Q: 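Next up is a structure, given as structure tokens.
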Amino acid sequence: MLIKNVFKRFGGVKALQGCSLEIEKGKITALIGPNGSGKSTLFNAISALITKDRGKIELEGEDISRMVGYKIAKKGISRTFQEVRLFKHLTIRDHLQIAISDDESLIKSFLVFDGISDKRIQEVLDRVHLDKPLGTFVTDLSYGQRKLLDLAIAIAKPHTLLMLDEPVAGVNPRLRKVIKEVLVRLSKEGETLLIIEHDMNFVMDLADVVYVLDEGRVIAHGKPKTIQKNKKVLDAYLGE
Ligand SMILES: Nc1ncnc2c1ncn2[C@@H]1O[C@H](COP(=O)(O)OP(=O)(O)OP(=O)(O)O)[C@@H](O)[C@H]1O
Ligand SMILES: [Mg+2]
């Protein structure tokens with residue numbers, strides 16, 4: 001995916017000021033940067049949750065800049081949100097049935113409730129190491145377990161690109177490790193990942209390429225080891 005010169009203003013706030021990135025297939029690209037640097041806004045611009053002021057986004061050579069959100073999702077972009085978005089009164093099974101179903105069978109899976117087999121759902125849960133009965137309601141999951149379910153949903157949706165907004169935010173060190181291993185495995189299986197992370201250390205031994213955003217601009221990109229020593233990057237973080 002190519003992101004070219006994206007701009008976005010919210011009133012007087014210049015959230016994105018000419019953002020350009022290249023997301024390589026089969027690699028883990030990390031997007032880091034201080035609070036308010038525009039990371040989530042860039043995700044929202046890519047998935048057309050907000051309209052860009054300017055800029056172009058290409059997915060496998062196709063211009064998706066003016067496509068509506070659901071069409072972009074259908075093109076194969078699956079994403080999570082910084083704040084876990086789940087339905088309180090639905091179970092793990094319900095969520096994954098919806099995620100796995102395509103638009104056409106969605107209504108059917110709601111009505112019949114047996115569109116997707118439990119075996120298929122269990123497979124997805126196993127991949128993220130969420131060890132809870134399928135009938136468990138979201139309200140009975142811990143914060144960390146909700147993060148895992150959220151990740152499972154993103155993985156379960158048919159996709160070619162997985163975009164994760166802070167997949168380990170607020171989770172304990174043990175679960176961070178588990179999630180990191182899940183991401184490494186996905187990558188080894190050939191997935192293309194774009195991961196937002198606030199903590200530079202988390203992506204150092206995970207990402208192939210790191211992009212650093214500051215005030216809506218890419219101030220550096222490259223291999224994690226190089227980025228770690230970059231003065232502009234250190235200044236951006238220390239100045240936070
Ligand atoms: N819907 C919105 N309306 C108004 N301002 C917004 C909106 N979304 C984001 N902003 C502003 O745009 C800037 C970038 O926000 P964004 O959420 O993209 O940052 P971020 O890099 O994801 O930060 P964090 O690490 O805290 O999640 C911030 O100043 C924010 O207040
Ligand atoms: Mg954010």
Side-chain angles (χ1 to χ4, degrees), residues 1-47 49-58 65 77 79-84 147 151 161-177 179-181 183-184 186-187 192-240:
M1 181 170 64
L2 271 178
I3 297 153
K4 291 181 190 164
N5 216 18
V6 174
F7 284 80
K8 178 66 191 179
R9 266 177 98 127
F10 296 105
V13 178
K14 293 173 179 169
L16 296 173
Q17 306 191 70
C19 221
S20 299
L21 290 84
E22 184 178 354
I23 314 303
E24 276 186 72
K25 267 187 139 180
K27 298 221 163 138
I28 298 184
T29 304
L31 186 58
I32 66 169
N35 286 124
S37 54
K39 305 180 297 295
S40 298
T41 302
L42 184 64
F43 264 31
N44 292 338
I46 294 169
S47 47
L49 223 75
I50 56 165
T51 25
K52 311 176 280 309
D53 297 332
R54 253 172 72 189
K56 192 172 175 185
I57 296 165
E58 283 176 16
S65 307
I77 295 183
R79 69 165 289 186
T80 63
F81 290 86
Q82 193 164 349
E83 272 100 42
V84 173
K147 283 293 255 193
L151 180 59
L161 170 66
L162 203 52
M163 305 202 325
L164 308 174
D165 194 345
E166 303 206 19
V168 294
V171 306
N172 67 45
R174 194 192 59 79
L175 191 56
R176 280 169 81 94
K177 229 178 129 216
I179 294 177
K180 191 182 247 181
E181 279 159 16
L183 300 178
V184 168
L186 287 171
S187 176
T192 308
L193 288 148
L194 176 59
I195 303 170
I196 293 179
E197 180 47 53
H198 194 74
D199 177 4
M200 225 197 286
N201 290 319
F202 183 79
V203 301
M204 280 308 138
D205 55 344
L206 176 72
D208 297 297
V209 185
V210 179
Y211 279 84
V212 187
L213 227 60
D214 189 33
E215 296 179 358
R217 286 190 190 94
V218 174
I219 57 161
H221 79 278
K223 292 215 165 75
K225 281 225 169 67
T226 324
I227 290 300
Q228 212 169 16
K229 288 182 250 159
N230 185 303
K231 186 164 181 310
K232 269 199 264 174
V233 176
L234 294 171
D235 287 349
Y237 268 88
L238 294 172
E240 203 182 335

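Numbering of residues begins at 1 and proceeds along the displayed sequence. Here the structure is a predicted model, which is why all the values come from computation and not from measurement.
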Q: Count the heavy atoms of every other residue, nucleotide or ligand shown that sit under 6.0 Å from NZ of K180, and state whether that count exceeds 12.
A: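 Yes.
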Q: Considering only NZ, NE, NH1 and NH2 on the basic side and carboxylate oxygens on the acidic side, decide whether K225 and D205 come within less than 4.0 Å.
A: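 No, this pair does not count.
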Q: Would you sort out whether E22 and M1 count as a side-chain contact (heavy atoms from CB on, under 4.5 Å), showing the intermediate values?
A: CA-CA 6 Å; E22 184 178 354; M1 181 170 64; over 6 Å; no
Q: Can you name the side-chain contact (heavy atoms from CB on, under 4.5 Å) partners of D214, sequence neighbours left out?
A: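 Only P34, I219, A236 meet the side-chain contact (heavy atoms from CB on, under 4.5 Å) criterion with D214.
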Q: Tell me whether the count of non-hydrogen atoms from other residues, nucleotides or ligands lying under 6.0 Å of CD in Q17 goes above 12.
A: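 Check passes, neighbour count above 12.
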Q: With the side chain counted from C-beta on, respond yes when Y211 and I196 share a heavy-atom pair under 4.5 Å apart, and no when they do not.
A: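 No; the side chains remain at least 4.5 Å from each other.
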Q: Roughly how far, to the nearest 0.5 Å, is CG of L2 from CD1 of I23?
A: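 If we round to the nearest 0.5 Å, I23:CD1 and L2:CG are 9.0 Å apart.
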Q: Looking only at heavy atoms, what is the nearest atom pair of K147 and Q82, with distance?
A: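 Closest pair (atom of K147, atom of Q82, distance): NZ-O, 3.8 Å.
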Q: So do the side chains of H221 and V233 get within less than 4.5 Å of each other, counting heavy atoms only?
A: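 No, their side chains stay 4.5 Å or more apart.
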Q: Begin with the C-alpha distance, continue with both residues' side-chain angles, and end with the deciding distance and a verdict on side-chain contact (heavy atoms from CB on, under 4.5 Å) for I195 and L183.
A: CA-CA 10 Å; I195 303 170; L183 300 178; 3.8 Å; yes
Q: Hey, what do you get for CG (L31) to CE (M163), rounding to the nearest 0.5 Å?
A: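 One finds 9.5 Å between CG of L31 and CE of M163.
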Q: I'd like to know if the side chain of S20 reaches the main chain of N5, judged simply by a donor and an acceptor atom lying under 3.5 Å from each other, with no hydrogens or angles considered.
A: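 Indeed, once roles are kept as given, a pair shorter than 3.5 Å links the two residues.
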Q: Show your reasoning for whether side-chain contact (heavy atoms from CB on, under 4.5 Å) applies to F7 and K52.
A: CA-CA 6 Å; F7 284 80; K52 311 176 280 309; over 6 Å; no
Q: How many angstroms lie between CG in L194 and CD in E24, if you round to the nearest 0.5 Å?
A: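 Answer rounded to 0.5 Å: 12.5 Å.
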Q: Return the CZ to CZ distance between R54 and R9, rounded to the nearest 0.5 Å.
A: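 If we round to the nearest 0.5 Å, R54:CZ and R9:CZ are 12.0 Å apart.
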Q: Grab the two heavy atoms, one from L234 and one from Q228, that are nearest each other, plus how far apart they are.
A: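 Closest approach of L234 to Q228: CD2-O, 3.6 Å.
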Q: When you compare the side chain of K8 with that of I50, does any pair of heavy atoms fall below 4.5 Å?
A: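 Answer yes - side chains close enough.
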Q: Under 4.5 Å between any side-chain heavy atoms of C19 and L21, yes or no?
A: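 Side chain of C19 against side chain of L21, heavy atoms only: contact under 4.5 Å found.
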Q: May I ask you to test the L164-L151 pair for a side-chain heavy-atom distance under 4.5 Å?
A: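 Yes, close enough: below the 4.5 Å cut-off.
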Q: Taking it one step at a time, do V168 and F202 satisfy side-chain contact (heavy atoms from CB on, under 4.5 Å)?
A: CA-CA 9 Å; V168 294; F202 183 79; 3.6 Å; yes
Q: Tell me the closest heavy-atom pair linking L213 and G38, and the distance in Å.
A: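 In this case the closest contact between L213 and G38 is CD2-C, 3.6 Å.
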Q: Got a donor-acceptor contact below 3.5 angstrom from the K27 side chain to the L193 backbone?
A: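 Answer holds: no.
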Q: Let me confirm one number: the OG1-CG distance from T29 to D208, rounded to the nearest 0.5 Å.
A: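 If I round to the nearest 0.5 Å, the distance is 7.0 Å.
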Q: With distance as the sole test, does T192 use its side chain to make a donor-acceptor pair with the main-chain N or O of G26 at under 3.5 Å?
A: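 It does hold such a pair.
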Q: Would you name the heavy atoms of D199 and N201 that are closest together and state the gap between them?
A: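 Here D199 and N201 meet closest at OD1-N, 2.9 Å.
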Q: Is a donor on one side and an acceptor on the other found under 3.5 Å between the side chain of S47 and the backbone of F43?
A: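 The answer is yes, because a donor-acceptor pair under 3.5 Å joins these two groups.
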Q: Rounded at 0.5 Å granularity, tell me how far CZ in R174 sits from CD1 in I179.
A: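 The CD1 atom of I179 is 10.0 Å from CZ of R174, to the nearest 0.5 Å.
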Q: Indicate yes or no: at least one non-hydrogen side-chain atom of I46 is less than 4.5 angstrom from one of I3.
A: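 Yes, close enough: below the 4.5 Å cut-off.
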Q: Salt bridge check, K4 against E58: does any charged N sit closer than 4.0 Å to a carboxylate O?
A: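 A salt bridge is present here (some side-chain N lies under 4.0 Å from a carboxylate O).
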Q: Would you say the side chain of F10 lies within less than 4.5 Å of the side chain of T41, judging by non-hydrogen atoms?
A: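 Of all side-chain heavy-atom pairs linking F10 with T41, at least one is under 4.5 Å.
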Q: Between D165 and S40, do the side chains contain a donor N or O and an acceptor N or O under 3.5 Å apart?
A: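 Yes, a side-chain donor-acceptor pair sits under 3.5 Å.
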Q: Could you check if a side-chain atom of D235 sits within less than 4.5 angstrom of a side-chain atom of K232, using non-hydrogen atoms only?
A: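 Side-chain contact under 4.5 Å: no.
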Q: Considering all heavy atoms of both residues, which atom of A207 and which atom of P224 are nearest to each other, and what is their separation?
A: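 Of all heavy-atom pairs spanning A207 and P224, the closest is O-CG, 3.2 Å.
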